[in-house]
Amino acid sequence: MAVDVHRLPAKFRHRFPITEAARTAFARLVNAAPEEIAVTTSLSAGVAALASGLRFAGVRNKVVLTDWEFPTIGQIWHAQEARGARVVHVPEDETGQIAPKNFRNVIDEETKLVSVTHVCYRNGAKLDVDSVVRLAHEHEVPVLLDAYQSIGSLPVDVKALGVDFLACGTLKYLLGSAGLGFLYCRRELWDTAWPTATGWFADQNVFEMDIHDYSPAPDARRFQSGTPPVPSIYAGIAGIELMEEIGIAETQKHVRKLNELLIEGVDDLGGTVATPRDPNRRGALVCIKSTDAERLVAQLAEEGIVTSSRDGNLRVSPHAYNTPEDIKTVLWELARRREFLA
Ligand SMILES: Cc1ncc(COP(=O)(O)O)c(C=O)c1O
């Protein structure tokens, strides 16, 4: 929609262009076009808008997920069971991996969508997205990637990955704040979803103010909702620009070195790393098995070290601003608390 912002009422003059600037910044980051991006208030809001736009009445009513998904993904797709969807989970195998071959039996002519996470928030494992996309596309099934745990920590290029939809937020490795998310939708698929979870910023003409009609925007803006989160957008754009300036590929290399140091140090302490050791099969976070992860996180916090506990593991997520000295400090504090290492 071409909008002459100078003709808009004063309160919109700002809201509209800043949202368009967010679309442009995110599009650049993931190698998409701004029209392929919706600005949302969370990852969940974007995925829920997409889910609301799909119809599950026909034979193609199966949604395929993995057991590595963040709760919101499982919950949104299971909510669609009330609308006729069938949800199938691909489990972890005995090696703790989800190999692409495990998708072979579940992706078929009845599959509507494959919805997978790029990096698992619980164990840091990275999915072989290329193989899953190839398999899904053989059956003409689109793929939605949850990139929340990868975006900003490694280069994410929607064209190179071949994904059809991608959702994320900005508060982790993009250094933004809560309240902002993005949904990418490949241009060829805009028409395949007619969202019923919607709002006036998703309308074809936001300023028409028509209460007698619903005509979603022709592009990915159809997945937006009400007034965009203007304050979070400022932080979001600044975070994206900062990560671009630092360099995301450089950050990935830097963090890999930090994580090698961390993994070696945990081995030396007799601890157990729950994250895959192959750097190509993990994201930026490393999980360490613990006898009491909650208490360990609390004690590290007292030393000024911010970590989290997931699945009984200590989760350490270094980023561009961390140094080898930081890792040595973490290892020093773990050495003083070996009883917490499992
Ligand atoms: C992989 C993953 N997906 C989704 C989310 C949550 O997204 P939101 O709260 O923006 O809906 C998170 C947050 O931690 C996450 O790690």
Side-chain angles (χ1 to χ4, degrees), residues 22 26 29-30 37-52 63-80 87 89-90 92 98 113-129 132 143-154 156 158 161 163 165-185 195 197 199 223-226 228-229 231-233 235-236 239-240 255 274-276 281-287 293 297 306-311 313-319:
F26 187 72
L29 186 75
V30 297
I37 307 297
V39 178
T40 64
T41 50
S42 65
L43 172 142
S44 305
V47 175
L50 170 63
S52 80
V63 181
V64 173
L65 328 176
T66 74
D67 275 348
W68 282 351
E69 304 312 317
F70 192 78
T72 208
I73 293 292
Q75 290 158 11
I76 289 171
W77 294 119
H78 280 286
Q80 308 313 310
V87 181
H89 290 235
V90 179
E92 244 180 41
I98 303 186
L113 182 77
V114 172
S115 174
V116 287
T117 192
H118 200 179
V119 171
C120 174
Y121 79 104
R122 282 187 284 111
N123 60 24
K126 180 148 73 76
L127 192 76
D128 178 353
V129 177
V132 175
V143 176
L144 162 66
L145 189 68
D146 173 350
Y148 214 135
Q149 288 289 349
S150 59
I151 197 90
S153 76
L154 51 90
V156 172
V158 289
L161 287 167
V163 293
F165 302 98
L166 178 142
C168 70
T170 53
L171 72 79
K172 296 180 194 293
Y173 301 100
L174 283 183
L175 309 176
S177 70
L180 176 62
F182 293 102
L183 181 76
Y184 156 78
C185 171
F223 300 106
Q224 291 189 182
S225 178
S232 306
I233 288 177
I240 289 171
V255 169
T275 306
R281 283 168 51 197
R282 60 176 145 87
L285 56 103
V286 169
C287 294
V297 167
V306 182
T307 58
S308 41
S309 114
R310 289 287 181 276
D311 231 11
N313 298 325
L314 172 74
R315 186 174 81 173
V316 185
S317 312
H319 200 21

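Note that this is a predicted model, so its numbers are computed, not measured. Each ligand, and each atom within it, is numbered from 1 in the order the structure gives.
In terms of modelled atom types and a separation under 3.5 Å, the side chain of Q224 and the main chain of G199 share no donor-acceptor contact. Under the 3.5 Å distance criterion, the side-chain polar atoms of S317 are left unmatched by any main-chain donor or acceptor of L285. No side-chain donor-acceptor contact under 3.5 Å links T41 to the backbone of G179. Panel note: side chain R315, backbone Y121; a donor-acceptor pair is recorded below 3.5 Å.
F182 and F26 have parallel rings, their planes meeting at less than 30° on a 0 to 90° scale where 60° marks the start of perpendicular.
F70 CE2, 3.5 Å is the protein heavy atom nearest to atom 6 (C) of ligand 1. For atom 3 (N) of ligand 1, the closest non-hydrogen atom of the protein is D146 OD2, 2.7 Å. When only non-hydrogen protein atoms are considered, atom 14 (O) of ligand 1 lies nearest to K172 NZ, 2.9 Å. Protein heavy atom in closest approach to atom 16 (O) of ligand 1: Q149 NE2, 2.9 Å. For atom 7 (O) of ligand 1, the nearest non-hydrogen atom of the protein is Y148 CE1, 3.3 Å. Closest to atom 10 (O) of ligand 1, if we only count protein heavy atoms, is L43 N, 2.9 Å.
With ligand atoms numbered from 1 in the order given, ligand 1 contributes 8 (P), 10 (O), 11 (O) to contacts under 4.0 Å with heavy atoms of S42.
For the residue pair E69 and T66, a side-chain donor N or O sits within less than 3.5 Å of a side-chain acceptor on the partner.
Across A167, G169, S44, A178, heavy-atom proximity to atom 11 (O) of ligand 1 is greatest for S44.
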